[in-house]
Amino acid sequence: MNNIVDMTKEHAEQVAAIESATFAEPWSRSQIEEICGKYGVIARVSLDDDGNVVGYYSYNVVCGDGYVNNVAVREDRRGEGIGKALVKDMVYTASLCGLEGLTLEVRSSNARARGLYESFGFEVGGIRKRFYQNTEDAIIYWLNVGGKEDFKRG
Ligand SMILES: CC(C)(COP(=O)(O)OP(=O)(O)OC[C@H]1O[C@@H](n2cnc3c(N)ncnc32)[C@H](O)[C@@H]1OP(=O)(O)O)[C@@H](O)C(=O)NCCC(=O)NCCS
């Protein structure tokens, strides 16, 4: 059972630990604290039954679209549906905010994340060549949230 709630500064240490275990250029704890409750940023965490952070996402709202900063699940809890629940929540919060779309970048080799986004209807909008460490392409995904009016939480 996972409970998805707004990220607060209390979660920042655990989010930072997942960031640094996951990404080559992780956000620091202070960068994470900065986005908590910030106007124009949606940041949410998935908590286990003990209130520990098992996953999170954040996006910035710019000109009516959501630009996703990060989506991650703690390594020992991957493959249990937490990522899917987070992306579902992300689409739901974006539709509640009246956003037109959501966009994000992902490494071309990240098959799990790409499959996850595509299962929610994200479509490839472009490719940034050698975006990561000047070697790997970034795939740009878009989701038309405005076109998902029938989306229901559940
Ligand atoms: C990408 C990520 C967020 C997915 O979270 P997750 O909790 O592991 O994903 P879920 O368990 O919800 O599974 C979602 C889909 O991924 C795929 N998947 C899950 N486990 C998989 C595995 N071991 N191998 C390949 N695909 C897998 C499945 O298609 C699954 O959908 P399905 O259950 O309908 O078949 C997580 O793996 C992660 O944190 N990765 C590192 C960070 C990252 O890559 N973030 C995204 C780029 S910003």
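Treat the numbers as computed from the prediction; the structure is a model and nothing was measured. As the structure lists them, so they are numbered: ligands from 1, and atoms in each ligand from 1.
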Distance-only side-chain donor-acceptor flag, E19 / Y56, under 3.5 Å: yes
Under 3.5 Å: N/O of A72 near N/O of ligand 1: no
L47 vs H11 side-chain heavy atoms within contact, under 4.5 Å: yes
Shortest reach to atom 9 (O) of ligand 1 by a heavy atom, considering only A111, G83, A21: G83
Heavy-atom nearest neighbour in the protein, as seen from atom 33 (O) of ligand 1, with distance rounded to 0.1 Å: K84 NZ, 3.3 Å
Is_contact(atom 28 (C) of ligand 1), protein non-hydrogen, under 4.0 Å: no
Distance-only N or O hit between ligand 1 and G81, under 3.5 Å: yes
Reported CG-to-CG distance for the pair N3 and D49, which is rounded to 0.5 angstrom: 9.0 Å
Under-4.0 Å protein heavy-atom contact, atom 6 (P) of ligand 1: yes
Identity of the nearest option to atom 38 (C) of ligand 1, non-hydrogen atoms only, from R77, R78, R107: R78
Flag if over 12 foreign heavy atoms under 6.0 Å of CD, Q31: yes
Contact atoms of ligand 1, heavy-atom distance to G79 under 4.0 Å: 6 (P), 7 (O), 8 (O), 11 (O), 20 (N)
Min heavy-atom dist Y57 to ligand 1 below 4.0 Å: no
Gap separating the OH atom of Y117 from the OG1 atom of T103, nearest 0.5 angstrom: 11.0 Å
Selected option - heavy-atom contact closest to atom 23 (N) of ligand 1, from R112, K88, R74: R112
pair K88-I4: side-chain heavy atoms closer than 4.5 Å: no
Ligand-residue contact atoms, ligand 1 with Y117, heavy atoms, under 4.0 Å: 46 (C), 47 (C), 48 (S)
Passing candidate, side-chain hydrogen bond (donor to acceptor under 3.5 Å, both in side chains) with Y57, options N69, N70, D89: D89
Within-4.5 Å side-chain heavy-atom neighbours: W27 and E34: no
Min heavy-atom dist G115 to ligand 1 below 4.0 Å: no
Polar atom proximity, A113 to ligand 1 (N or O, under 3.5 Å): no
Selected option - heavy-atom contact closest to atom 3 (C) of ligand 1, from N110, V73, L104: V73
Test of proximity, T22 against ligand 1: N or O pairs below 3.5 Å: no
Heteroatom proximity flag, V71 to ligand 1, N/O under 3.5 Å: yes
Aromatic plane relationship, F122 with Y141 - under 30° parallel, 30 to 60° tilted, over 60° perpendicular: perpendicular
E10 atom CD: more than 12 heavy-atom contacts under 6.0 Å: no
Residue L116 vicinity, atoms of ligand 1 by number, heavy atom under 4.0 Å: 4 (C), 14 (C)
Close approach, N70 and ligand 1, non-hydrogen under 4.0 angstrom: no
Any side-chain heavy-atom pair of W142 and D65 under 4.5 Å: yes
